[in-house]
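One structure below.
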2 protein chains.
Amino acid sequence: MRVLIVDDERPLAETIRRGLTDEGFVVEMAHNGQDALWAATEKRFDAIVLDIMLPRGNGYQVLTELRRREIWTPVLMLTAKDGDYDQTDAFDLGADDYLTKPFSFIVLVARLRALIRRGAPERPVVLACGDLTLDPVRRRVERAGQEVSLTPREYGLLEFLMRHKGDVVTKSEILEGVWDPAFEGDPNVVEVYVRYLRRKIDAPFERRAIETVRGMGYRLSITGG
Amino acid sequence: MRVLIVDDERPLAETIRRGLTDEGFVVEMAHNGQDALWAATEKRFDAIVLDIMLPRGNGYQVLTELRRREIWTPVLMLTAKDGDYDQTDAFDLGADDYLTKPFSFIVLVARLRALIRRGAPERPVVLACGDLTLDPVRRRVERAGQEVSLTPREYGLLEFLMRHKGDVVTKSEILEGVWDPAFEGDPNVVEVYVRYLRRKIDAPFERRAIETVRGMGYRLSITGG
DNA sequence: GGGTGAACTCAGCAGGTTCTCAGGTCGCAG
DNA sequence: CTGCGACCTGAGAACCTGCTGAGTTCACCC
């Protein structure tokens, strides 16, 4: 069991390291966001213990960036109770568990083992956006747990939007990304397909995931509408 | 992993795009210097593949301008020329790596991965001014945490002001920057749009972010009013 | 060949956006 | 106080954008 500890608070980090080593874990350490990202990207861990307070990229940034890089190693976050952020933030960002300082070491180990047990199997790489999910491997789209059947174009468009969720994408970007970089037809197709998509993923569920940004393009709302 | 490919040679660009997409990258394209600058400024990429030969601003210019704007995304330059000069030039200008055409795709991917691994210092790409924020990528404007919806012109004007916050900008500068360098209508539009903006970002929040400097122009106060 | 489904085009419509214009207001200098 | 120019404001017309339903083409399958 390989664990990465990311903590700038040396004494605490050292205590955890010793404890985990005694418990039979193989431990590596990082003391800032940058090193943590590098280690987590380059090596394989079974879990990451991630403190929020870090120099060069705080815990939230590290976590966000990890998930963006599609690295799904289970993350246990350490938070100070009086912090600005609360645990819901951590969960939103893809943390799998969290502990509030001060915590008991026994609890830490227990949670860590639970995480590893839970997270050991390969995680499905599914794009999610609120209750809207898209599994590129299976080519499946679900909204609120219900499968939605899409044509290839509709699917391509949705995947593109989901890979840019929260960002505004222009029609020409969509045409380049989903149609063909050399597409020379009527840009209106995009509007038409947005409409098809809305009909299938928004209307039946009374949501508004795909926003129109007049004069600019479209944006998939992060919350899924 | 988001990569921007800047290349005017369509077939090559297309080949790279497809290859990188297969490798799991999210790819965006620009085919001239101007588009490249825009994309690189407005969006966040993990790396940029930049050809030297470009219409509207060659690769060197693009690179220089990017670094001047303090955008540190890793850049891999492509050039057909072979020689030490080109290479040292590219490095001097802030390129992070360099490939001479023709190159093997495998090498390109390897170098790109190495670049991304090395990483760029993360920077938040949102303009802020007191409790007023503008996120160019998401095209979102918030005041006091509340989203404000703007029309394209209003948005353009606000972005311009925010990029010059604290400075007095004249109406003709605004017209050049937000409208068209060749705009020939009534300069009163600026006043009109300043009013629209104030109505949306100042009045409801009882602030005065946009100051009028009589006889000079306008200034966005650094504190956000 | 007829039927089906997907991709795309087209043209009309609705409503938002942009810009002009004609006053009104304000600040400043004489 | 007065006049002037700079700026503000409200209204409205022209314009533009995106939405929509209908229709065409095309490939595929029975």
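Quick note on labels: first sequence line is chain A, next is B, and so on, each numbered from 1.
Counting to the nearest Å, the C1' atom of dA7(C) and the CG atom of Asp186(A) are 13 Å from each other. Note: CD (Glu184(B)) to P (dC19(C)) measures 14 Å, nearest angstrom. As rounded to whole Å, 11 Å separates atom P of dG5(C) from atom NZ of Lys200(A). When rounded to the nearest whole Å, the span between CG of Asp180(A) and P of dA7(C) equals 15 Å. Distance CD (Glu191(A)) to P (dG12(C)): 16 Å, rounded to an integer number of Å. At whole-Å resolution of the value, CZ in Arg153(A) and P in dA6(C) are 13 Å apart. The distance between atom CZ of Arg198(A) and atom P of dG18(D), rounded to the nearest whole Å, is 11 Å. One can place CD of Glu154(B) at 13 Å from C1' of dC19(C), the figure rounded to the nearest angstrom.
Annotation: proximity of residues 201-217 of chain A to DNA chain C (heavy atom, distance under 4.0 Å) is found for Arg214(A), numbered in ascending order.
Between Thr223(A) and Arg207(A), the side chains place no donor N or O within less than 3.5 Å of an acceptor N or O (distance only, hydrogens not considered). Judged by distance alone, the side chains of Ser149(B) and Arg140(B) never bring a donor and an acceptor atom under 3.5 Å apart.
Checking side-chain atoms of His31(B) against main-chain N and O of Asp7(B) turns up a donor-acceptor pair under 3.5 Å.
Shown here is Met216(A), whose CE atom has more than 12 heavy atoms of other residues, nucleotides or ligands within 6.0 Å. For Glu206(A), the CD atom is loosely surrounded, since the number of other residues' heavy atoms within 6.0 Å does not exceed 12.
When distances are taken from the side chain of Tyr193(B) to each of dT20(C), dT18(C), dG18(D), the shortest belongs to dT18(C). Residue Pro152(A) has its side chain nearest to dA6(C) when only dT20(D), dA6(C), dT9(C) are considered.
The ring-ring contact (aromatic ring centres under 6.0 Å, His included) pairs that include a residue from residues 131-177 of chain B are Phe160(B)-His164(B), where partners are two or more places apart or lie in different chains. Legend: salt bridge (charged side-chain N to carboxylate O under 4.0 Å, His left out) pairs involving residues 174-190 of chain A, not counting sequence neighbours: none detected.
Look at Trp179(A) and you'll find a side-chain N or O under 4.0 angstrom from OP1 or OP2 of dC8(C). Residue Lys171(A) places at least one side-chain N or O closer than 4.0 Å to OP1 or OP2 of dG18(D). An OP1 or OP2 oxygen of dC8(D) is reached within less than 4.0 angstrom by a side-chain nitrogen or oxygen of Tyr218(B). Contact annotation: Tyr155(B) does not reach the phosphate of dT18(C) (side-chain N/O to OP1 or OP2, under 4.0 Å). Neither OP1 nor OP2 of dG5(C) sits under 4.0 Å from any side-chain N or O of Thr151(A).
With hydrogens and angles left out, the side chain of Asn188(A) and the base of dC10(C) share a donor-acceptor pair within 3.5 Å.
Among the protein residues, Tyr196(B) comes within range of the nucleic acid bases, having at least one heavy atom under 4.0 Å from a base atom. Base engagement by Val192(A) is indicated by at least one non-hydrogen atom pair under 4.0 Å involving a base atom.
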Check the pair Val6(B) / Asn32(B) against side-chain contact (heavy atoms from CB on, under 4.5 Å), numbers first and verdict last. CA-CA 7 Å; Val6(B) 187; Asn32(B) 61 62; over 6 Å; no
